[in-house]
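Data first, discussion second: the structure below is written as structure tokens.
All heavy atoms count here, side chains included; hydrogens, waters and symmetry mates do not. Letters A, B, ... are given to chains in the order of the sequence lines, protein chains preceding strands, and every chain is numbered from 1. None of the values given here were measured: they were computed from a predicted structure.
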2 protein chains.
Amino acid sequence: MSRTAPTAALSLVHKIGKKAQQNDRIYEEMFTAILEQRLAPGTKLSEDTLGEIFGVSRTIVRTVLQRLAHERIVRIHPNRGAFVSEPTPDEAREVLQARRLIEEGVMRLAVARRTVTDVKNLRAMVGQEQESLDKGAHETWVRQSGDFHLKLAAIAGNQTLAAYIKELVSRTSLIIVQYQKGSSSSCSCDEHTDIIDAIEAQDEDKAVDLMLRHLQACEEQLNLKTEDAATDLYAVFSKISGK
Amino acid sequence: MSRTAPTAALSLVHKIGKKAQQNDRIYEEMFTAILEQRLAPGTKLSEDTLGEIFGVSRTIVRTVLQRLAHERIVRIHPNRGAFVSEPTPDEAREVLQARRLIEEGVMRLAVARRTVTDVKNLRAMVGQEQESLDKGAHETWVRQSGDFHLKLAAIAGNQTLAAYIKELVSRTSLIIVQYQKGSSSSCSCDEHTDIIDAIEAQDEDKAVDLMLRHLQACEEQLNLKTEDAATDLYAVFSKISGK
DNA sequence: TTAAAAAATATTGTACACAAAATAAATAAA
DNA sequence: TTTATTTATTTTGTGTACAATATTTTTTAA
């Protein structure tokens, strides 16, 4: 168990006052990696390996994994270990349904509370999204795209709802990796821009409508079949069996 | 989420294969204690003491505390320890706002999906609520009252939303302990009954309206002042200072 | 060669030890 | 007596050791 001492880590530790949140740093690192789809669903997250990578003991890694598990981004199988979540089709539908429900409410709050600064910031964010998309920086774009929804929650001014949306957005990222059909990653920058326009005009119903369509469009890009693997076997070989 | 058989915890452990979820048992125990208001907000949750009580090492206790902290029922102050959460007035308003938003959506789903069995079960639950209330079993009633809302989420068929409601309901319990004015614990059994009637009639709008009023009534029973402690000092002694 | 059983290896679960920090207690100074 | 400083005690944070469980490899039998 060689202890690699990440130089940046030490300086950060020294700066903040303590290693206070050594685990916060590692959490952030892993969360971002999953959100940006650099860690594929199903990937085994070995405690020893992660400890080696981040230069900490399994104790810390364990804490982080449990936190990610509570956010449903990681799944812990007892005595088997932690894995990046592989949401089922049912779970995917649930998450999208929850997002429609919560983000509609958040949108109504946001439209009522938005300041001119908020609108300006939102436009800046979409600008960066577009930039990443042009540059082909897919990973960055995915994260920024999610940040847009988080920002709306922040404007709405309810941290509890914001936390839920953060969770749902990251789970959506995993869902898209698993179920997006083709590479039909239609740029949603335009949709985001339209939404901002409605927010600026304080047209609540329109903003909500656009958001719901946005999420609906997202779900329609997915290939969520109902049948499970076992059933598939029969379906796949139905011609062969001659039934 | 809770699949533990309360009484036969030990035998279960042996049966399922191992102490598999030793920590699940402890989590359930602590969660219920907080929900039933047997652990007051602000109570220090010492790791050593809890380990002593439950007969496990601090490692396990720590895991449970972190889980409770993620659900916002417990607050962990770094290097200081874990305490039962003391929601601020702002937090209280947030939680109630989130509940109105999410439970409205859940209600619409539940009304559409409810079966006759669901309605029967709901009525049975309210019956037990009334029973506890008559018996003066306040602790039990508080839990059962929350279970009613959880059951609606179950009927709606979205586990993600159900998990959020579980969190919000337990946080509400803490909020009520802290901010309920007087002992104006008006029995909400009648309100629950009215809601069931609307669900049975599949009158979506009425069910939603009743639920929103129900939650509104809850919030109105609270004493949520805006000013913080520091400001209070001046307000309290304004007469004395003669200002 | 394939399949099953057994042994070896690796990984997770939990207790415990020690370090770091906070709290409480005791002492010293005003 | 009160306040400030120092010391002692308690409590949390993290690493490590060992036990329990899973996984892989090897051996054995068909």
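Close to D:dT10, at under 4.0 Å from its OP1 or OP2, lies no side-chain N or O of B:Lys44. Residue B:Ser57 places at least one side-chain N or O closer than 4.0 Å to OP1 or OP2 of C:dA15.
As the counterpart of C:dA30, D:dT1 is assigned, both hydrogen-bonding distances of the Watson-Crick or G-U wobble pattern falling under 3.5 Å.
Salt bridge status for A:Arg171 with A:Glu91: present, with a side-chain N to carboxylate O gap under 4.0 Å. Taking the charged nitrogens against the carboxylate oxygens, B:Asp24 and B:Arg67 do have a contact shorter than 4.0 Å, which makes a salt bridge.
Picking from C:dA15, C:dT12, C:dA21 the nucleotide with the shortest atom distance to the side chain of B:Asn79 gives C:dA21. With D:dT12, C:dT12, C:dT14 as the candidates, the nucleotide lying closest to the side chain of B:Asn23 is C:dT14.
For the pair B:Lys225 and B:Tyr179, the cation-pi test (distance below 6.0 Å, angle within 45°) is failed.
A residue-by-residue look at A:Arg80 and A:Ile60 shows that A:Ile60 has its nearest nucleotide of DNA chain D further toward the 5' end. Of the residues near DNA chain C, A:Thr59 and A:Thr49, the one whose nearest nucleotide (by heavy atom distance) lies more toward the 5' end is A:Thr49.
One can place CD1 of B:Ile76 at 16 Å from C1' of C:dA22, the figure rounded to the nearest angstrom. Atom NE2 of B:His77 and atom C1' of C:dA20 are 19 Å apart (whole Å). Across the protein-nucleic acid pair, B:Ile26 atom CD1 and C:dA15 atom C1' stand 13 Å apart, rounded to whole Å. As a whole-Å value, the separation of B:Glu47 CD from C:dA21 C1' is 13 Å. Taking atom CD of residue B:Gln66 and atom P of nucleotide C:dT14, one finds them 14 Å apart after rounding to whole Å. Going from atom CG of A:Leu65 over to atom C1' of C:dT11 covers 13 Å, rounded to whole Å. Residue A:Glu52 contributes atom CD, which lies 11 Å from atom P of D:dT16 at whole-angstrom precision. B:Asp48 places its CG atom 17 Å from the P atom of D:dT9, with the value rounded to the nearest Å.
Paired with B:Glu219 under the rule salt bridge (charged side-chain N to carboxylate O under 4.0 Å, His left out), one option of B:Lys181, B:Arg100, B:Arg93 passes, and it is B:Arg100.
Between B:Tyr164 and A:Tyr164, the angle of the ring planes stays under 30°, which puts this pair in the parallel group of the 30/60° scheme.
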